[in-house]
Amino acid sequence: MMESSESLFDLEQDELPFAEVLVPLPLEQYFTYRVPRQFTDLAQVGCRVLVPFGRQKVQTGIVIQRHSKNPSVYEAKAIMDVLEERPSINAHQLSLFSWIANYYLCTEGEVLQAALPSGLKIHSEINVQLHPYYDADKEPEYPLTAHEQLLLDHLQQHDFIPFSEISKLIPLKDPSALVRSLVKKEAILLFEKLKDKFSPKTVRKISLHPDYQQKEKLQALFAQLESKGNSQKQVEVLLLLLQLQSLDNDDIGLAKAVHKSELINKGASASALKTLVKNGILHDFQETIARFQFRGETKSLPPLSKEQEQAKEAIITALSEKEVCLLQGVTGSGKTEIYMHLIEETIYNGHQALLLVPEIALTTQIVSRLQQVFGDKLGVYHSRFSDNERVEVWQKVQNDALQVVVGVRSSVFLPFENLGLVIVDEEHESSYKQFDPSPRYHARDVAVVLAHLHQAKTLVASATPSLESFYLAQEGKWGYVLLEKRFADAQMPDILLADMKKAKKRREMVQDFTPELLTQLRYVVEQKEQAILFQNRRGYAPFLQCDICAHVPRCKNCDVSLTYHQFSEEVRCHYCGYKEPVPASCEACGNSQLITVGLGTEKIEEEVVQLFPATKVQRMDLDTTRSKHSYQEIIDDFSQQKTQILIGTQMVTKGLDFDQVTLVGVLDADGLLRFPDFRASERSFQTLTQVSGRAGRKEKKGVVIIQTRDVQHPILQMVIHYQWREFYQYELNERRLFRFPPFVRLITITLRHRDKSSVKQAASQLARHLRSNLGENRVSEAHEPLISRIKNRFLMEITVKFERTGFNVQQGKAFIKQSGKSLMENKNFTGLEILYDVDPY
DNA sequence: AGCACGCCGACT
DNA sequence: GTCGGCGTGCTC
């Protein structure tokens, strides 16, 4: 626009010879690099660059800023390479990274680490090779240790070995000392190799050389070959090629290429083919293809029912005024069709759409249903995909080659250029909150921010919304649309409570079954219908206990009891993975009578098999779905009615549509309700309502039986009477009263240390500091968490509650982070780790 | 997060 | 006396 001032600017700033670079590591700062002249134009903000980092490492980083300020205290190293002409990370993404780092109290490097598919994160790998002057036959100048000899022997057989593989070869925890020693002895050399992980998928194709792509030329060629007499095979190859080109009667099709593998499979002689290529008659080349190719016809959008149409219009109206809308639609009300219509409109307006789904939902029907409508425009982003596949989706989103993405929580990081709509399906699902590696972000909340950056809209949907979302809708901050009618007039199931206390007293329990549930189950089996049994606990029993002294076997590394797994004949720790064979006797008193306490899916399976020996039963939990396809297989078997009773944890509650399920049994609702955290009621209500929704679809009304010792429990009463409005009001009151979300913002600070007294001391010091500066009503005392030791490190916790209004949350968070930082610098607490969990789940 | 350096116990 | 474990500090 203002040319003169721009050129002046260019002159003064000239080449901006330095760059601030973000590396995908948990480090607070950017690093300053020199931009060599040849990269002046190329190294734009957002580009991936290769930089030397640390002693002898190469890292991928992102250019955050260009400037001309030469750092004075150190000499900046130079950027080695710029990996792309167009930035991988756009401006919206950079803003999003920074927002996440601030909000969730983590570093931008951690966000980058989570955001980039590892195929776009090149780093160097150190490799070891023999020194060219090293002679194995000669007596070595310096004596070699056994381990050194082992490595050298390996290198006689192999050209080189990656540094990281050495510890697999030699029983050493850290092979770096050994490698250094061998380098000094001039027996080996180190070299770095970059791992560029992404490789596009290619296919070999064969076509006629342009010279022969005319009928006359081709006829001449055939005549020539046939006259030779020894070229029959070549003629056959050519005829096959023409056949596969499936020519109409013109020359144009002659240029068409066919897959080389197809030619060979259909019987073309490989050697004849080779000869034809050699003689320049055929052209053999590689073509890059997409890994995902949708084959088959796309269908038009499914029509909406009157109610769906109304809901859709209501959503559009709400979103014209507000940025976010909550859609509360009961299970089976047909939310997916509404999504499709909204997505279609978004695409039509030239924008991209993102549909977030919980991890588990991606393997099921929703993808194929969307694919039938959106075909090639749809991308799927899933953690079970290979890296190459994820990079491909990333690049297609960037190039606007995909207009719709259905994906798990990490798809909020994709490089959308012009997002118009984000839909968060099953928004109450806790799997949207990442925990294990930081950033501990909630994909629903990040999605709202992402949409805001694009000036796009967010639709947040669930049959059982989170209290947070419901509250925002109720307060009018978000729009709200209710869809109460089930699709195709399916009826809601009858939900009944079965009193376990009474049944126990009367000695009517058959193992873990009340007479009510057992009767229904018998009926279902006889009628050849299907049933789902839900118990939110995997394994056989939560723990073992000595019948005499009541001792409970516990984990060696963690402060938890070990769960008994009958199938594998082990006891296991669900926190660190520690396992040992089932103890034959009590380690405390020597008694050999150990009894199982509590109820897991394995035990239910055993009981059901005993009770219904002729019935096909399948168990679905973490233990039976470990391998890649087993989840899908179990689902398929059940939906094709090869299995009649499905027993499982959480997993069975998640969006599966089965028409023939007429009974859902909840074995122990008390286990859900007893959970000791502020979300126990919410989670119980959601889980029980969701699992009930699996019963009875289309033509047949279903029955749900919930076993409990407390039939009067208010939550259960609200579940069975479908009093969801009452539930939300009840629970909001509780939350307001006890100061929990959504009325306050919660932050959990966890301190971790090998030494128990150190962590206790550090925690109380931090708590004291925060309490006196932020207020005692906002910061709890330091306390031991429920599980006070995991993987041999002791834990302490501080809970922070910031009110939503009238308090500067951002400042409060910054103060917490600063306080934590200075505590870590305290020499008394070396080795201390502090973890922050903002909006914990 | 890696990776190097430096300090300390348990083996030849 | 060294080897190998582990704690500590740094990366432009």
Side-chain angles (χ1 to χ4, degrees), chain A residues 16-36 39 43 49-81 101 106-116 118 121-128 142-151 162-167 169-185 190 192-195 436-439 752-755 758 791-793 821 824-835:
Chain A
L16 302 175
F18 295 97
E20 294 301 296
V21 172
L22 172 66
V23 288
L25 297 172
L27 303 171
E28 289 291 341
Q29 350 76 317
Y30 299 137
F31 291 84
T32 308
Y33 286 88
R34 192 164 52 74
V35 181
F39 297 135
V49 289
L50 235 41
V51 291
F53 193 83
R55 276 291 259 157
Q56 41 178 208
K57 274 238 106 173
V58 174
Q59 267 288 4
T60 305
I62 302 291
V63 177
I64 295 294
Q65 198 202 92
R66 290 282 297 273
H67 60 80
S68 52
K69 208 170 70 206
N70 193 353
S72 49
V73 276
Y74 54 87
E75 195 181 348
K77 293 182 182 172
I79 285 173
M80 298 161 71
D81 203 357
C106 65
T107 68
E108 283 184 42
E110 286 170 314
V111 183
L112 180 63
Q113 174 71 42
L116 272 188
S118 49
K121 279 178 290 198
I122 302 170
H123 58 259
S124 65
E125 193 175 45
I126 297 168
N127 290 277
V128 173
Y142 309 97
L144 297 169
T145 68
H147 282 164
E148 288 174 347
Q149 195 58 58
L150 212 57
L151 179 59
F163 184 86
S164 53
E165 305 267 301
I166 296 176
S167 53
L169 190 74
I170 296 163
L172 271 184
K173 264 207 165 170
D174 177 14
S176 57
L178 175 126
V179 168
R180 232 175 304 136
S181 156
L182 279 173
V183 171
K184 216 185 266 172
K185 293 174 185 174
L190 301 181
E192 276 175 60
K193 226 172 89 177
L194 286 183
K195 285 192 102 175
D436 202 3
S438 183
R752 200 156 68 174
H753 199 277
R754 312 196 91 80
D755 179 52
S758 296
K791 293 180 189 165
N792 272 329
R793 278 176 302 179
K821 222 164 139 187
M824 302 249 285
E825 282 160 12
N826 187 331
K827 286 277 179 288
N828 295 324
F829 302 128
T830 46
L832 176 71
E833 294 167 279
I834 304 181
L835 316 172

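A note on names: the letters A, B, ... follow the listed sequences, proteins ahead of strands, and every chain is numbered from 1.
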J.: I want to check one thing: is the phosphate of C:dT8, taken as OP1 and OP2, less than 4.0 Å away from some side-chain N or O of A:T830?
T.: yes
J.: Calculate the interatomic distance between A:L182 atom CG and C:dG4 atom P; express it in whole Å.
T.: 11 Å
J.: Below the 4.0 Å mark, does C:dG5 have OP1 or OP2 next to a side-chain nitrogen or oxygen of A:K173?
T.: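 Checking A:K173 against C:dG5: no side-chain N or O falls below 4.0 Å of OP1 or OP2.
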J.: Once you round it to whole Å, what is the distance between P of C:dG9 and CD of A:E825?
T.: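 Value for this atom pair: 11 Å.
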J.: Distance check needed: C:dC3 P versus A:L172 CG, whole Å only.
T.: 12 Å
J.: Quick one: which of C:dT11, C:dC12, C:dG4 gets closest to the side chain of A:L27?
T.: C:dT11
J.: Do side-chain atoms of A:E148 reach the backbone of A:T145 as a donor and acceptor pair under 3.5 angstrom?
T.: yes
J.: Give me each pair satisfying salt bridge (charged side-chain N to carboxylate O under 4.0 Å, His left out) with a member in residues 19-29 of chain A, each pair once, sequence neighbours excluded.
T.: A:E28-A:K817
J.: In this structure, how many angstroms lie between the P atom of C:dG7 and the CZ atom of A:R754, rounded?
T.: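 Rounded to the whole Å, the gap is 5 Å.
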J.: Nearest whole Å is fine: how far is C:dT11 C1' from A:K77 NZ?
T.: 7 Å
J.: DNA chain C: A:K827 or A:A177, which has the more 5' nearest nucleotide?
T.: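 Closest to the 5' end, via its nearest nucleotide, is A:A177.
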J.: Compare the minimum distances between each of B:dC5, C:dG9, C:dC12 and the side chain of A:R180, then state the nucleotide with the smallest one.
T.: B:dC5
J.: Without decimals, in angstroms, what is the distance between A:R66 CZ and C:dC12 P?
T.: 19 Å
J.: Does A:P24 reach a base, just sugar-phosphate, or nothing at all? Heavy atoms under 4.0 Å.
T.: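 Since no nucleic acid heavy atom lies under 4.0 Å of A:P24, the category is nothing.
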J.: Would you state whether a donor and an acceptor, one from the side chain of A:Y74 and one from the base of C:dC12, lie under 3.5 Å apart?
T.: yes
J.: What closest approach, in Å, do A:E833 and A:M824 show between heavy atoms, and which atom pair accounts for it?
T.: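 Shortest heavy-atom separation between A:E833 and A:M824 comes out as CA-SD, 4.2 Å.
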J.: To the nearest Å, give me how far apart CE (A:M824) and P (C:dG7) are.
T.: 16 Å
J.: For A:A76, answer base if it contacts any base atom (sugar-phosphate contacts may also be present), sugar-phosphate if it contacts only those atoms, and nothing otherwise; contact means non-hydrogen atoms under 4.0 Å.
T.: sugar-phosphate
J.: I'd like to know if the side chain of A:Y30 pairs up with that of A:Q65 as donor and acceptor (distance under 3.5 Å, no hydrogens or angles considered).
T.: no
J.: Over 60° means perpendicular and under 30° means parallel, so classify the ring planes of A:H67 and A:F18, tilted if in between.
T.: parallel
J.: What is the separation between atom CG on A:L22 and atom C1' on B:dA1, rounded to the nearest whole Å?
T.: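 Computing the A:L22:CG to B:dA1:C1' distance gives 14 Å.
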